[in-house]
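Working notes, structure below.
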Amino acid sequence: MELKNKNVLITGSSRGIGLAIAHKFASLGANIILNGRGQVSEEVLDEFAKYLVKVLAVSGDVSDSADAKRMVEEATTAMGSIDVLVNNAGITKDKLMLKLTEEDFEQVLKVNLTGAFNMTQAVLKPMTKARQGAIINMSSVVGLTGNIGQANYAASKAGLIGFSKSVAREVAARNIRVNVIAPGFIESDMTDGLPDKIKEASLAQIPMKRFGNTEEVAEVAVFLASQEYVTGQVIAIDGGLTMQ
């Protein structure tokens with residue numbers, strides 16, 4: 001898929017990995033639809049002026065099916081189509097299993113997994129009609145390996161992989177591709193706040209001996225959006241953490 005003038009919707013894109021992905025697509029000439037649960041700031045929107053592309057912000061909660069449909073309708077009305085969807089929005093509520101509450105479990109699944117379902121279902125009708133499209137779902141290496149204190153998060157991210165592979169099979173004949181990115185330790189506000197001992201222990205597990213960065217994740221997203229013969233795949237960007 002040629003990305004110039006295509007319309008790309010990235011959920012959870014007001015900061016972090018989602019924002020980096022938005023910038024990468026915009027640098028290649030794609031129009032951008034940003035999303036946050038709250039209003040996307042003017043400062044974030046102003047960052048895209050240098051790309052000379054269309055930029056729209058749609059606020060809403062992906063875990064609410066009505067909100068998801070409304071956001072897709074707003075974006076489609078304003079832009080004409082959604083050619084690429086990146087389901088990046090996600091939350092964590094980390095606790096050991098014995099302390100994990102039903103609410104902790106359900107909230108994480110509702111945003112991370114049901115949210116992706118809501119947004120995917122909302123964009124599939126127009127994509128099916130256009131007989132083209134790319135959907136990229138943001139999982140995690142935790143969805144591949146599990147992790148102490150993250151049973152809810154790992155379940156949501158593993159579920160996203162099975163969901164993506166199933167939808168990929170359903171829509172492949174319509175020239176719609178569905179793929180998954182599974183980031184490992186990526187430099188972010190979250191990793192910056194980790195104690196040095198945890199950082200050192202994490203780095204010791206990574207064969208490349210460094211954390212990744214958001215730009216590297218964004219490059220994988222661009223590859224999956226533009227490569228027209230890749231679907232149903234999971235790409236781990238983790239410095240070799242999960243290699244077998």
Would you call K24 and E215 a salt bridge, taking side-chain N to carboxylate O under 4.0 Å as the test?
yes
CG/N88 to OG/S14 distance, rounded to the nearest 0.5 angstrom?
9.5 Å
Just how far is it from atom CD of Q233 to atom CD1 of I136, taken to the nearest 0.5 Å?
13.0 Å
Tell me whether R70 at atom CZ has more than 12 heavy atoms from other residues, nucleotides or ligands lying less than 6.0 Å away.
yes
If you group Ile, Leu, Val, Met, Phe, Trp and Tyr by side-chain heavy-atom gaps below 4.5 Å, do V44 and Y51 land in one group?
yes
Where do I82 and T76 land on the side chain to side chain contact (heavy atoms under 4.5 Å, CB included) test, with the steps shown first?
CA-CA 6 Å; I82 296 173; T76 303; 3.9 Å; yes
Would you say R177's side chain and Q227's backbone share a donor-acceptor pair under 3.5 angstrom?
yes
If we only count heavy atoms from C-beta on, is the K93 to F105 side-chain gap below 4.5 Å?
no
F185 CZ to Q205 CD distance, which is reported to the nearest 0.5 Å
6.0 Å
Do the side chains of M1 and V8 join up, straight or via other hydrophobic residues, at under 4.5 Å, putting them in one cluster?
yes
Hydrophobic cluster membership, with links at side-chain heavy-atom distances under 4.5 Å among I/L/V/M/F/W/Y: are L34 and V84 in one?
yes
Do we see a donor-acceptor contact under 3.5 Å between the side chains of S81 and N7?
yes
Shortest non-hydrogen contact between L109 and A155, atoms and distance
CD1-CB, 4.3 Å
What I'd like to find out is whether the side chain of F25 reaches to under 4.5 Å of the side chain of V222, using heavy atoms alone.
yes
Would a hydrophobic clustering, with Ile, Leu, Val, Met, Phe, Trp and Tyr connected at side-chain separations under 4.5 Å, put I17 with I32?
yes
How far does CD of E219 sit from CG of L224, to the nearest 0.5 angstrom?
12.0 Å
Quick one: closest heavy-atom pair of A57 and L45, and the distance?
CB-CD2, 4.0 Å
Less than 4.0 Å between a side-chain N and a carboxylate O, is that true for R210 and E216?
yes
Might you work through the side chain to side chain contact (heavy atoms under 4.5 Å, CB included) test for I235 and V180, ending with a clear yes or no?
CA-CA 6 Å; I235 297 183; V180 180; over 6 Å; no
Closest heavy-atom pair, A26 versus V53, reported as atoms and distance to 0.1 Å, is O-CG1, 3.9 Å
Is it true that the side chains of Q150 and D94 contain a donor and an acceptor less than 3.5 Å apart?
yes
Walk me through it: do S59 and N35 pass the test side-chain hydrogen bond (donor to acceptor under 3.5 Å, both in side chains)?
CA-CA 5 Å; S59 299; N35 160 258; over 6 Å; no
Would you call I21 and M138 a side-chain contact if the rule is heavy atoms closer than 4.5 Å?
yes
Side chains of N147 and Y153 in contact at under 4.5 Å (non-hydrogen atoms):
no
Do the side chains of V167 and Q121 get nearer than 4.5 Å, heavy atoms only?
no
Test side-chain hydrogen bond (donor to acceptor under 3.5 Å, both in side chains) on D104 and N152; report intermediate values, then the result.
CA-CA 7 Å; D104 293 331; N152 51 355; 6.0 Å; no
Are more than 12 heavy atoms, taken from residues, nucleotides or ligands other than K209, located less than 6.0 Å from that residue's NZ atom?
yes
Side-chain heavy atoms of D67 within contact of V62, under 4.5 Å:
no
Does the side chain to side chain contact (heavy atoms under 4.5 Å, CB included) test come out yes or no for L203 and F211, once each step is laid out?
CA-CA 7 Å; L203 286 170; F211 290 157; 3.7 Å; yes
With side chains defined as the heavy atoms from C-beta onward, is the minimum distance between P126 and T128 less than 4.5 Å?
no
Taking every non-hydrogen atom, the tightest pair across A78 and L56
CB-CD2, 3.8 Å
Do the side chain of T11 and the main chain of A89 share a donor and acceptor less than 3.5 angstrom apart?
yes
Looking only at side chains, do N137 and S164 share a donor and an acceptor under 3.5 Å apart?
yes
Can you hop from L9 to I176 via hydrophobic side chains spaced under 4.5 Å?
yes
For N118 and S63, which I'm curious about, is there any donor-acceptor pair between the side chains at under 3.5 Å?
no
Can you tell me if S156 uses its side chain to pair, donor with acceptor, with the backbone of L113 under 3.5 Å?
no
Rounded to the nearest 0.5 Å, what's the gap from NE2 on H23 to CD1 on I10? Could you check?
10.0 Å
Would you check, one step at a time, whether the test side chain to side chain contact (heavy atoms under 4.5 Å, CB included) holds for I91 with N112?
CA-CA 7 Å; I91 63 170; N112 298 2; 3.9 Å; yes
Tell me whether S13 contacts the main-chain N or O of L19 through its side chain, where contact means a donor paired with an acceptor under 3.5 Å.
no
K165 NZ: over 12 foreign heavy atoms closer than 6.0 Å
yes
Does a side-chain N-to-carboxylate-O contact under 4.0 Å join E73 and K69?
no
So how far is it from I161 CD1 to N179 CG, rounded to the nearest 0.5 Å?
12.0 Å
Would you call the rings of F163 and F117 parallel, tilted or perpendicular, where under 30° means parallel and over 60° means perpendicular?
perpendicular
Would you indicate whether the side-chain heavy atoms of Q132 and D83 approach each other to under 4.5 Å?
yes
Heavy-atom closest pair (I206 atom, G239 atom, distance to 0.1 Å) is CG2-O, 3.6 Å
A182 to V141 - nearest heavy-atom pair and separation:
O-CG1, 3.6 Å
